[in-house]
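Remarks on the structure that follows.
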Amino acid sequence: DVKVTQSSRYLVKRTGEKVFLECVQDMDHENMFWYRQDPGLGLRLIYFSYDVKMKEKGDIPEGYSVSREKKERFSLILESASTNQTSMYLCASSPGTSPPSETQYFGPGTRLLVL
Amino acid sequence: EDQVTQSPEALRLQEGESSSLNCSYTVSGLRGLFWYRQDPGKGPEFLFTLYSAGEEKEKERLKATLTKKESFLHITAPKPEDSATYLCALLPAGSYQLTFGKGTKLSVIP
């Protein structure tokens, strides 16, 4: 079974804090993704990575950065948290880029509240 | 612009009452269409991938079908445990990026 784990289920942070969200997959997948999910807006891609040390911006990268130093781990960093970054954050991974290996598998999510 | 529209937004069914969820899409070239199930407060759970018009896939009480403009998720004789939000997403040709619909929230009443 594919397993994607996220470091925290719930986080409460203060405005201006630096926040790290960690994601680990145990299936040797090439690609990893960070999304945020908000009511009425659906899932939106923040960043993705198709290889170690490689990253690409998604639809909403502003205010975020990412790090992928090892294949199994993909970190999302909020350099200076703001209240509009309160959201559910979802990590996903996929094996590769050719059918049928493009399916993305999601972690359980981290619900972040910024006060 | 690639777009995904799911309907209805919400659906209430009696246990055993079969129905279908719709996912309409526009894309210049489709690499794949995905269905996920999401329970409250959890991450989406993968259900199906469809690649070409005419393709069908089944899993227990669920069957997904694909045409050139839309996909349907048919639910046969649903049970209360099928209650969840069902998400449709498309992967355009030449892209890594999934485009998600807003989802259909299904409630199955005993």
Side-chain angles (χ1 to χ4, degrees), chain A residues 1-6 8-10 21 23 25 27 29-51 54-61 87-112, chain B residues 1-10 21 23-25 27 29-57 59 64 66 71 84-105:
Chain A
D1 273 359
V2 176
K3 186 108 185 214
V4 180
T5 57
Q6 296 183 229
S8 305
R9 291 303 309 277
Y10 302 96
L21 303 182
C23 175
Q25 50 93 4
M27 290 301 293
H29 284 180
E30 299 292 328
N31 309 311
M32 297 187 75
F33 306 81
W34 275 107
Y35 295 86
R36 63 177 283 177
Q37 185 175 32
D38 302 287
L41 296 177
L43 276 93
R44 294 177 293 167
L45 182 66
I46 304 171
Y47 268 98
F48 68 95
S49 169
Y50 53 88
D51 200 353
M54 305 302 288
K55 61 186 179 185
E56 292 282 346
K57 294 179 180 179
D59 293 325
I60 51 164
S87 187
M88 172 73 128
Y89 288 88
L90 291 160
C91 176
S93 71
S94 67
T97 56
S98 300
S101 61
E102 299 148 315
T103 299
Q104 293 184 26
Y105 298 90
F106 284 82
T110 295
R111 191 168 290 281
L112 173 66
Chain B
E1 184 184 338
D2 304 324
Q3 281 197 323
V4 180
T5 304
Q6 291 189 248
S7 60
E9 288 185 20
L21 282 53
C23 172
S24 298
Y25 65 90
V27 66
L30 180 68
R31 197 151 116 191
L33 187 136
F34 302 81
W35 283 98
Y36 290 87
R37 168 195 170 124
Q38 187 174 25
D39 293 303
K42 296 187 177 181
E45 175 189 346
F46 170 70
L47 293 173
F48 303 110
T49 308
L50 301 167
Y51 290 103
S52 56
E55 190 173 1
E56 297 183 354
K57 289 196 176 166
K59 180 180 178 180
L66 182 66
S71 178
T85 295
Y86 291 84
L87 299 170
C88 168
L90 66 85
L91 184 65
S95 175
Y96 286 91
Q97 190 164 330
L98 286 176
T99 299
F100 279 87
K102 301 268 176 69
T104 293
K105 184 175 181 179

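Below, chains carry the letters A, B, ... as their sequence lines are ordered, and counting in each starts from 1. Note that the structure is predicted; figures quoted are calculated from it, not measured.
Closest of all the heavy-atom pairs between B/K42 and A/M88 is N-CE, 4.1 Å.
Note: A/Y35 OH to B/L98 CG = 4.0 Å, rounded to the nearest 0.5 Å. Taken to the nearest 0.5 Å, the CD atom of A/E102 stands 10.0 Å off from the OH atom of B/Y96. One finds the CD atom of A/Q104 at 7.0 Å from the CZ atom of B/F34 (value rounded to the nearest 0.5 Å). Considering CD of A/Q37 and OG1 of B/T85, their distance stands at 8.5 Å, rounded to 0.5 Å.
Partners of A/D59 according to the side-chain hydrogen bond (donor to acceptor under 3.5 Å, both in side chains) rule, which considers only residues two or more places apart in sequence or in another chain, are B/Q97.
Residue A/R9 touches chain B through its side chain alone, counting heavy-atom pairs closer than 4.5 Å. Both the backbone and the side chain of A/L43 come within contact range of chain B, each with at least one heavy atom under 4.5 Å from a heavy atom of that chain.
The most heavy-atom pairs under 4.5 Å with chain A, out of B/A89, B/P44, B/G43, come from B/P44.
The number of heavy-atom neighbours closer than 6.0 Å to NZ of B/K57, taken from other residues, nucleotides and ligands shown, is above 12.
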